[in-house]
Amino acid sequence: MTQTEQAEVAVQDTPLIPIEKIVSLCKRRGFVYPNSEIYGGVSGIYDFGPLGVELRNNIRRFWWWSMVQTNDNVVGIEGSIITHPRVWEASGHVENFVDVLVDCKKCKRRFRLDHLPPENVQQNKCPECGGELTEPRRFNLMMETYIGVVEGDKMKTYLRGEACQNIYLDYDNVLKSSRMQIPFGICQIGKAFRNEVTPGNFLFRQREFEQWDLQFFVHPSEMTKWFEHWKEFRFEWYKSLVNHKDRLRLRPHASDELAHYAKQAFDVEYRTILGWQEWEGIHWRQDWDLSRHSQYSGQDLSYTDPETKERYIPWIVETSGGVDRTFLNLLLDAYEEEPDPSGKEPRTVLRLHPWLAPIKVAVLPLQKNKPELVEAAKGLYKQLQRSMVAQYDDISNIGRRYRRQDEIGTPFCVTIDFQTLDDQTVTIRERDGMTQIRLPLAEVKRYLLERVTWNY
Ligand code: GAP
């Protein structure tokens with residue numbers, strides 16, 4: 001077995017991580033906090049702390065780069081959260097965006113009917129206490145809001161239930177203003193809101209979350225080709241991000257699972273302690289969206305081919321994933337507690353891809369009471385800070401400082417020691433293998449940049 005194969009086996013064999021470990025790390029180290037915590041919190045809503053916002057921005061930026069900036073036939077937009085209420089009638093959300101619920105008459109717990117084990121549905125029995133369940137009821141997930149200042153004259157609308165609707169609304173403007181021709185795509189990253197009946201499992205199912213979408217507009221005769229292309233592209237994209245490639249799969253939807261707009265769908269799924277769960281949906285939306293918006297708005301959204309003059313409503317391939325679910329899955333994928341051969345506490349390490357790691361490098365003077373070391377370390381820190389997210393740390397002994405950086409996923413630590421003062425070299429320690437090399441100070445920036453940033 002080669003070294004690479006051995007490393008892969010080691011990664012595959014690590015146990016699935018309980019969500020609680022990630023929740024605890026996130027709070028302790030400043031990735032994620034419960035929203036409005038001092039008031040007791042709001043279920044399914046979270047805030048991101050100093051490290052969380054860096055990680056989140058890196059995740060978003062990587063998606064944007066690989067979907068918009070490096071695909072010639074894709075452009076980006078950023079739409080608003082609030083739209084005209086008719087949008088949600090046309091999209092089918094007012095009518096169809098519902099969960100079917102049952103309540104237990106005995107323990108009063110509430111369940112989504114589609115989440116209950118089949119035997120409980122058949123026997124109409126609560127999975128928790130065995131009590132009798134109520135008749136199923138339909139519950140709409142759209143969050144309502146009101147626009148206007150005059151009481152009684154306010155217009156009821158909705159916080160968007162899926163971010164992609166802006167793309168259909170702006171499709172015609174993009175076509176006219178950007179010289180795009182079919183086939184082409186529009187991307188967006190943005191917040192979505194759902195009154196989830198059972199929010200939970202930390203960032204997995206929230207009421208306010210962020211989605212990334214590609215809507216790719218095609219001639220109907222090319223739908224199969226592009227659907228296959230984007231399915232493959234997105235699956236490979238996720239594969240490039242995770243350590244545990246065996247925990248990733250593509251699963252086709254059964255006909256009774258399809259959303260109201262989809263004729264066919266695949267989920268990119270990732271296996272965690274929660275089992276196999278959706279990470280991103282790839283949907284064959286056909287002409288549903290543009291036809292419905294044409295019908296409801298009275299605006300013709302058909303496309304005329306500039307060469308053949310054929311007029312048609314474009315069909316749509318959608319790839320729609322969650323920024324927050326990516327955040328959570330990447331932490332679950334990266335988190336590891338490694339036994340320490342010297343018998344001390346296990347090392348907690350976040351094996352995040354260096355491109356995504358919130359802090360790229362920590363600069364550490366060996367001792368903080370030696371002004372010459374501090375001065376050299378601060379000089380390097382200030383220099384690196386201009387090109388990458390860096391952290392200066394001189395609190396506690398060097399071993400503890402390495403551990404702290406491992407736990408937040410910092411791929412490199414640079415230590416300034418007494419030898420630095422003599423020969424202008426530093427130690428660079430790498431997170432995963434804890435290997436150390438010595439490099440001249442003048443080469444540190446280039447060395448790190450090659451490893452922590454992708455090529456633009
Ligand atoms: N426009 C299609 C659409 O919204 P979806 O499968 O409902 O499809 C797409 O959502 C992605 O958004 C999911 O794969 C998931 O990553 C994320 N997502 C959906 N609901 C979520 C929630 N309540 N909390 C966090 N992420 C969610």
Side-chain angles (χ1 to χ4, degrees), residues 44-45 60 63-64 67 74 76-99 112 114 138-145 156-171 174 185-199 203-217 227 230 234 253 257-268 277-297 301 314-327:
I45 303 189
R60 283 197 197 105
W63 184 87
W64 195 262
M67 295 298 285
V74 177
I77 62 158
E78 187 167 321
S80 57
I81 284 166
I82 295 174
T83 55
H84 196 285
R86 288 278 283 165
V87 170
W88 302 101
E89 291 168 30
S91 71
H93 282 73
V94 171
E95 192 187 338
N96 296 316
F97 200 42
V98 288
D99 276 346
R112 267 175 64 172
D114 60 339
R138 283 162 64 87
F139 178 82
N140 193 292
L141 304 187
M142 295 297 289
M143 281 199 196
E144 295 175 2
T145 189
K156 179 174 116 178
T157 184
Y158 305 92
L159 304 183
R160 61 187 178 196
E162 59 173 5
C164 64
Q165 288 298 322
N166 297 81
I167 297 181
Y168 315 131
L169 303 177
D170 289 336
Y171 149 81
V174 171
I186 305 179
C187 276
Q188 181 185 232
I189 301 179
K191 290 272 189 174
F193 301 82
R194 294 181 187 174
N195 231 335
E196 294 284 359
V197 182
T198 48
L203 305 179
F204 185 80
R205 193 175 308 285
Q206 298 172 86
R207 290 183 164 140
E208 174 178 338
F209 57 98
E210 197 165 44
Q211 295 183 307
W212 48 44
D213 290 289
L214 161 73
Q215 306 293 320
F216 199 78
F217 302 87
F227 189 71
W230 285 112
R234 294 302 299 148
H253 275 209
E257 281 180 89
L258 289 172
H260 60 271
Y261 48 75
K263 297 276 182 295
Q264 210 195 110
F266 279 78
D267 281 345
V268 175
Q277 296 286 350
E278 173 185 345
W279 192 342
E280 168 158 319
I282 293 137
H283 305 129
W284 177 300
R285 291 185 81 123
Q286 205 150 314
D287 60 350
W288 162 268
D289 306 280
L290 293 183
S291 297
R292 292 276 290 198
H293 284 303
S294 289
Q295 185 191 336
Y296 277 69
S297 66
L301 296 177
W315 286 17
I316 294 175
V317 182
E318 170 183 72
T319 73
S320 180
V323 176
D324 307 84
R325 216 167 270 188
T326 303
F327 190 103

With sequence neighbours left out, the residues meeting ring-ring contact (aromatic ring centres under 6.0 Å, His included) with Trp279 are Tyr238, Tyr270
With salt bridge (charged side-chain N to carboxylate O under 4.0 Å, His left out) as the rule and sequence neighbours excluded, what pairs involving residues 80-94 come up?
Arg86-Glu89
Who are the salt bridge (Lys or Arg N to Asp or Glu O under 4.0 Å) partners of Lys191, not counting sequence neighbours?
Glu208
All ring-ring contact (aromatic ring centres under 6.0 Å, His included) counterparts of Phe327, not counting sequence neighbours
Phe48
Which residues pass the salt bridge (Lys or Arg N to Asp or Glu O under 4.0 Å) test with Glu95, sequence neighbours left out?
none
Report the relative orientation of the aromatic rings in Phe266 and Phe227; use parallel for angles under 30°, tilted for 30 to 60°, perpendicular for over 60°.
tilted
Across all chains, not counting sequence neighbours, the salt bridge (Lys or Arg N to Asp or Glu O under 4.0 Å) partners of Glu278 are none
Could you measure the distance from the CG atom of Leu159 to the CZ atom of Arg194? Nearest 0.5 Å is fine.
12.5 Å
Considering residues at least two apart in sequence or located in another chain, which fulfil the side-chain contact (heavy atoms from CB on, under 4.5 Å) criterion with Ser320?
Gln211, Asp213, Glu318
Taking salt bridge (charged side-chain N to carboxylate O under 4.0 Å, His left out) as the cut-off, I'd like each qualifying pair that reaches into residues 159-170, sequence neighbours left out, listed once.
Glu162-Arg285
Any salt bridge between Arg325 and Glu280, counting N to O under 4.0 Å?
no
Between the side chains of Gln165 and His293, does any donor sit under 3.5 Å from an acceptor?
yes
Under the side-chain contact (heavy atoms from CB on, under 4.5 Å) test, which residues partner Gln295, sequence neighbours left out?
Arg292
With Asp287 via salt bridge (Lys or Arg N to Asp or Glu O under 4.0 Å) - residues at least two apart:
none
Applying ring-ring contact (aromatic ring centres under 6.0 Å, His included), can you list everything that pairs with Trp288, at least two apart in sequence or on another chain?
His260
Set of residues satisfying ring-ring contact (aromatic ring centres under 6.0 Å, His included) with respect to Phe209, sequence neighbours excluded
none
Asn96 CG to Arg138 CZ distance, which is reported to the nearest 0.5 Å
7.0 Å
In the structure I gave you, are the side-chain heavy atoms of Glu144 and Thr157 within less than 4.5 Å of one another anywhere?
no
Going by atom types only, do Thr326 and Trp212 share a side-chain donor-acceptor pair under 3.5 Å?
no
